[in-house]
Amino acid sequence: MFLDDIWNLARFFLCSTSVSAAKNYKTMFQSIYDTMIAGGRWHLIFQGLGITVLIAVCALLIGTSLGCIFALMKISTKKILRGIAEIYTTVIRGIPLATQLMIFYFVVFAPLGMDRLAVAILAYGINSGAYCTEILRAGIQGIDIGQMEAGRSLGLSRWQTLRKIILPQAIKAVLPTYASEFIVLIKETSVASFIAVTDLTKAGDMIRNATYNAWIPLLTCAIIYLVLTVGLTKLFGAIEKRMAKSDRS
Amino acid sequence: MIEVKNLKKCFGDLVVLKDITTTIKKGEKVVIIGPSGSGKSTFLRCLNLLEEPTDGTILFESSDITDKKADIDKYRQKMGMVFQHFNLFPHLTVMQNITLAPVTLKLATKEQAEATAMKLLERIGLPEKANVYPSTLSGGQKQRIAIVRALAMNPDVMLFDEPTSALDPEMVGEVLNVMKDLANEGMTMICVTHEMGFAREVADRVLFMYDGIILEEGTPGKIFENPENERTKQFLQSVL
């Protein structure tokens with residue numbers, strides 16, 4: 001089956017100018033139809049895509065909230081808060097995501113009998129939170145110390161200065177890195193199949209299993225990921241350009 | 001107005017201020033000069049606790065601001081500061097830069113603060129810049145706006161930390177003029193600067209700092225014409 005497909009694809013590309021082109025197209029489409037359309041298998045792909053986007057978006061929301069809290073802890077004047085935040089980012093960023101996911105599912109949340117999708121969202125959220133923390137911390141610490149001094153010299157408290165002067169600048173500065181964190185997150189959701197969550201990759205893999213055709217479902221997944229990430233990159237790029245414009249006005 | 005007693009400041013093992021005692025009276029214009037590394041800026045920054053003194057006390061309007069329980073934010077509202085690198089807020093317009101602190105601290109409504117800001121901007125001849133962002137301004141304009149931002153808090157004393165050192169030479173004059181106007185109005189001013197002309201013209205008292213202490217002080221006439229200390233003479237020879 002596998003070799004057949006390669007052969008078909010090769011012929012498709014090599015002979016598309018020849019008289020047999022029409023026939024090859026037909027074989028190609030037949031193949032796609034058999035794997036993806038027949039038996040409504042494309043539903044799986046869309047459900048998987050839905051799960052992938054759901055995990056990524058929810059995890060980013062959780063991650064952003066955690067990131068804000070822990071980034072502020074990291075720049076806190078209190079040693080204990082800094083310590084806690086440091087442990088959080090060190091542990092989370094030092095363990096592979098797949099390992100973490102399984103620990104969350106089989107160890108941490110196992111006694112609660114939580115839904116695997118909920119566990120995946122939480123695990124990704126907590127994981128992303130550690131990266132968001134570092135992104136935001138770097139953003140805050142990248143702002144010239146003179147900005148804090150100017151705010152404080154006017155009689156604003158540390159918190160008022162952070163909120164009104166430092167954070168608006170820091171957030172703007174980290175937006176590109178933050179956007180790429182979201183894109184990384186979308187791609188990493190593919191690891192969710194480790195705890196049998198039916199995300200996009202798992203859906204593709206299930207079709208592969210059912211049809212004994214690896215090429216078409218997995219390439220479909222790959223193309224969907226690529227469209228998502230390239231689309232988002234372009235979107236964030238456009239937003240960035242817009243914001244840069246308002247800077248110069 | 002400000003009484004400094006036995007002020008000491010160390011950064012780790014490095015002793016920057018050894019033992020500073022001085023009193024600044026209301027309306028007095030004090031200019032601090034001295035070679036780099038002598039502790040001038042550190043001394044100025046200790047006065048509003050941007051640097052925390054290692055030892056000693058600072059009384060501002062008879063309150064001990066070095067007391068751990070003192071609400072330093074309250075005192076800072078009355079001590080304006082102007083920085084070498086302006087430190088305007090780049091994400092805010094000139095108007096927002098000036099009104100942010102008074103409005104945030106609820107000392108004025110937005111309308112009141114904007115009216116005050118406009119008056120101040122007119123005084124320095126930049127009313128048309130109210131709604132632009134700092135990035136479009138020249139260095140001299142930025143520093144004048146920074147002075148106005150501090151003045152908008154209606155401070156009792158103004159601290160200047162080398163306000164003209166980061167400026168192109170042709171822009172130094174416009175900033176010094178604003179400072180001279182301020183001095184003529186009777187503002188209490190403490191200014192770290194390398195502008196000896198300004199010191200001579202405006203200062204009531206010149207402090208020469210060297211190696212973490214006030215080595216010599218007096219009227220500009222005395223310091224510039226008849227310095228007593230060898231080190232003061234040497235410094236003045238090299239800068240004048």
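For clarity, every value in this text was computed on a predicted model and none was experimentally measured. Both backbone and side-chain heavy atoms feed into the values below; hydrogens, waters and symmetry mates do not. Just so we're on the same page: letters track the sequence lines, and every chain starts at 1.
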Review point. Side chains of B/E185 and B/M187: closer than 4.5 Å at any heavy-atom pair?
Key: no
**Study point:** Interchain contact, B/L49 with chain A, by part (heavy-atom threshold 4.5 Å)
**Key:** neither
**Study point:** For chain B, the option from A/R158, A/R152, A/M148 that forms the most heavy-atom pairs under 4.5 Å
**Key:** A/R152
Point to revise | Any B/F89 side-chain heavy atom under 4.5 Å of A/K164 side chain | key: no
**Study point:** Which of A/G151, A/P168, A/A150 touches chain B most, by non-hydrogen pairs under 4.5 Å
**Key:** A/A150
Review point. Which bit of B/M153 is near chain A, if near means a heavy-atom gap under 4.5 Å: side chain, backbone, both or neither?
Key: side chain
Exercise for review: Side chain from CB out, backbone as N, CA, C, O: work out which of these in B/R149 comes under 4.5 Å of a heavy atom of chain A, or both, or neither.
Suggested key: both
Point to revise | Separation of A/T233 OG1 from A/L228 CG (nearest 0.5 Å) | key: 10.0 Å
Point to revise | Charged N-O contact under 4.0 Å between B/K68 and B/E52 | key: yes
Review point. Between B/D71, B/L88, B/N48, B/V82, which has the largest tally of heavy atom pairs under 4.5 Å with chain A?
Key: B/L88
Check your understanding: Between B/D161 and B/S41, is there a donor-acceptor pair closer than 3.5 Å when you use the side chain of the first and the backbone of the second?
Key -> no
Check your understanding: Checking heavy atoms, do the side chain of A/E149, its backbone, both or neither come under 4.5 Å from chain B?
Key -> both
Exercise for review: Give the ring-plane orientation class for A/F182 versus A/F236, where under 30° counts as parallel, over 60° as perpendicular and anything between as tilted.
Suggested key: perpendicular
